[in-house]
2 protein chains.
Amino acid sequence: MTDLSRVPDEELLRLDHQICFSLHAASRAFGGVYRTVLKDLDLTYPQYLVMLVLWEHGELPVKRIGEHLRLDSGTLSPLLKRLEATGYVRRARSSEDERSVTVRLTEAGTALRERAVCVPRRIVEASDLTPAEAATLQSLLARVTGSLDHAAQGFAAAPPGPGHATG
Amino acid sequence: MTDLSRVPDEELLRLDHQICFSLHAASRAFGGVYRTVLKDLDLTYPQYLVMLVLWEHGELPVKRIGEHLRLDSGTLSPLLKRLEATGYVRRARSSEDERSVTVRLTEAGTALRERAVCVPRRIVEASDLTPAEAATLQSLLARVTGSLDHAAQGFAAAPPGPGHATG
DNA sequence: CGCAATTGAATTGCGCACAACTTAAGTGCG
DNA sequence: CGCACTTAAGTTGTGCGCAATTCAATTGCG
């Protein structure tokens, strides 16, 4: 088991280049393929994510959508306006709580699901991963995201503390 | 070995939700941690990537930086202007080829490396991955990026061609 | 040489991500 | 009740990422 504390900083600087850059590049590569595939549906990639959430859960307040996707109103408000302009969703203030805005699918938005059903297969094929690899990748990413979010919380709590290895 | 063609579309739609979203979320989670860690250095995450390239390769034309990071001048031009405004790089037209702009580190930019050396360790610790896991993740991401780029090329080359499944 | 094609940066326009702030609605405690 | 606090959306400003366009410099070919 490699002891991280023994690896010199200089080397980590290169390793880091590999990992952070790989993730950055992979994310953009996915974005590019989604962009191509989703063009026919008049959706961007983040808009597609919102539609997936709505197809799965039905109507939701903006807040809930944000929780599913970890996005705040600063990102979602204009995005949802564009989805509404395209005609896929409708936004309406909740009558029970006037602060809340409920987003629900229009007929066009519901119907779009039929046309979107072929998207995942095209992406998975383009990625050229076996289901097992995809599963490995997915679980590693989920773990990393959890750890990083946890660490980010720590940063907020404990300012510029010196090396506090999570272990 | 799971045969992808047997998995129903409906299920893929959910699986896809998992994979694409995981990557998206992980990328943003990394971004958040980098943002925190890099704030002291007056660098954004993409600016940090550029600095890594320059620290490794010395002065480079914009074109070369773009090749290393897969970014075009539309992204790099304003980013490099900001790096120049911060005082980390200087841009100058090449005398041999007036079309080309050479980017080189200033003293401050070179000196920054010393202060950036601790960044990777903090990120790796925050991600809570073992070196082996990091290696697995990195290689999977590299493969996916390659495949996706290749597929994207295919989209460009063969416009609305009939089913040319990548196999 | 002369002119079309190519190349490298930069610019413009759009959309996403996020921080910081604003506004309006709900909640709670004295 | 009244007033401070919290919460949900929205707005503003900055910085990516990318497509499309522009412009100048270079290259290539007749």
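Naming: A, B, ... by sequence-line order, numbering from 1 per chain.
Note on A:Ser77: every side-chain N or O is 4.0 Å or more away from OP1 and OP2 of D:dT11. Residue B:Arg70 places no side-chain N or O under 4.0 Å from the OP1 or OP2 atom of D:dG17. For A:Lys81, no side-chain nitrogen or oxygen approaches OP1 or OP2 of C:dC16 to under 4.0 Å. Distances shown here put every side-chain N or O of B:His24 at or beyond 4.0 Å from the OP1 or OP2 atom of C:dC16. Phosphate contact (OP1/OP2 of D:dT6, side-chain N/O of A:Arg99, threshold under 4.0 Å): absent. Close to C:dA25, at under 4.0 Å from its OP1 or OP2, lies no side-chain N or O of A:Ser100. Contact between the side-chain N/O atoms of A:Arg93 and the OP1/OP2 oxygens of D:dA9 is not found at any separation under 4.0 Å.
Between A:Arg64 and A:Gly32, it is A:Arg64 whose nearest contact on DNA chain D lies nearer the 5' terminus. Residue order along DNA chain C, read from the 5' end via each residue's closest nucleotide, puts B:Val62 first among A:Glu98 and B:Val62. Position along DNA chain D of the nearest nucleotide to B:Tyr45 versus A:Leu76 favours A:Leu76 as the more 5'-ward residue.
A donor-acceptor contact under 3.5 Å links the side chain of B:Ser73 to the base of C:dA10.
For B:Arg82, whose side chain is taken as the heavy atoms from C-beta onward, the closest listed nucleotide among D:dG17, D:dG15, D:dG10 is D:dG15. Residue A:Leu79 has its side chain nearest to C:dC16 when only C:dC16, C:dG8, D:dG17 are considered. You'll find that the side chain of B:Pro78 is closest to C:dT11, out of C:dC16, D:dG17, C:dT11.
Classification of A:Lys63 and A:Glu67 as a salt-bridged pair holds, one side-chain N sitting under 4.0 Å from a carboxylate O.
Whole-Å rounding puts the B:Leu69 CG to D:dC16 C1' distance at 13 Å. We find that CG of B:Leu80 is positioned 13 Å from C1' of C:dG8, with the value rounded to whole Å. Put simply, CG on B:Leu23 is 13 Å from P on C:dA17, counting in whole angstrom units. B:Glu84 has its CD atom 14 Å from the P atom of C:dA9, to the nearest Å. Between the P atom of D:dA9 and the CG atom of A:Leu60 lies a distance of 11 Å, rounded to the nearest Å. Atom NZ of A:Lys63 is separated from atom C1' of D:dG10 by 15 Å (rounded to the nearest Å). Look at OH on A:Tyr34: it is 21 Å from C1' on D:dA19, rounded to the nearest Å. Between the CZ atom of B:Arg35 and the P atom of C:dC18 there is a distance of 6 Å, given to the nearest Å.
B:Leu43 places none of its side-chain heavy atoms less than 4.5 Å from the side chain of B:Thr86. Residues A:Val119 and A:Leu41 are in side-chain contact: their nearest non-hydrogen atoms beyond the backbone lie under 4.5 Å apart.
The line from OG of A:Ser77 to CZ of A:Arg91 is 7.0 Å long, rounded to the nearest 0.5 Å.
In this structure, B:Glu67 reaches neither bases nor backbone, as no heavy-atom distance under 4.0 Å exists between it and the strands shown.
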Test log, rule side chain to side chain contact (heavy atoms under 4.5 Å, CB included), inputs B:Val103 and B:Val62 = CA-CA 7 Å; B:Val103 181; B:Val62 173; 3.9 Å; yes
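The partner of D:dG30 is C:dC1, judged by Watson-Crick or G-U wobble contacts that both fall below 3.5 Å.
Looking only at atom types and distance, the side chain of B:Ser22 has a donor-acceptor partner in the side chain of A:Gln138 under 3.5 Å away.
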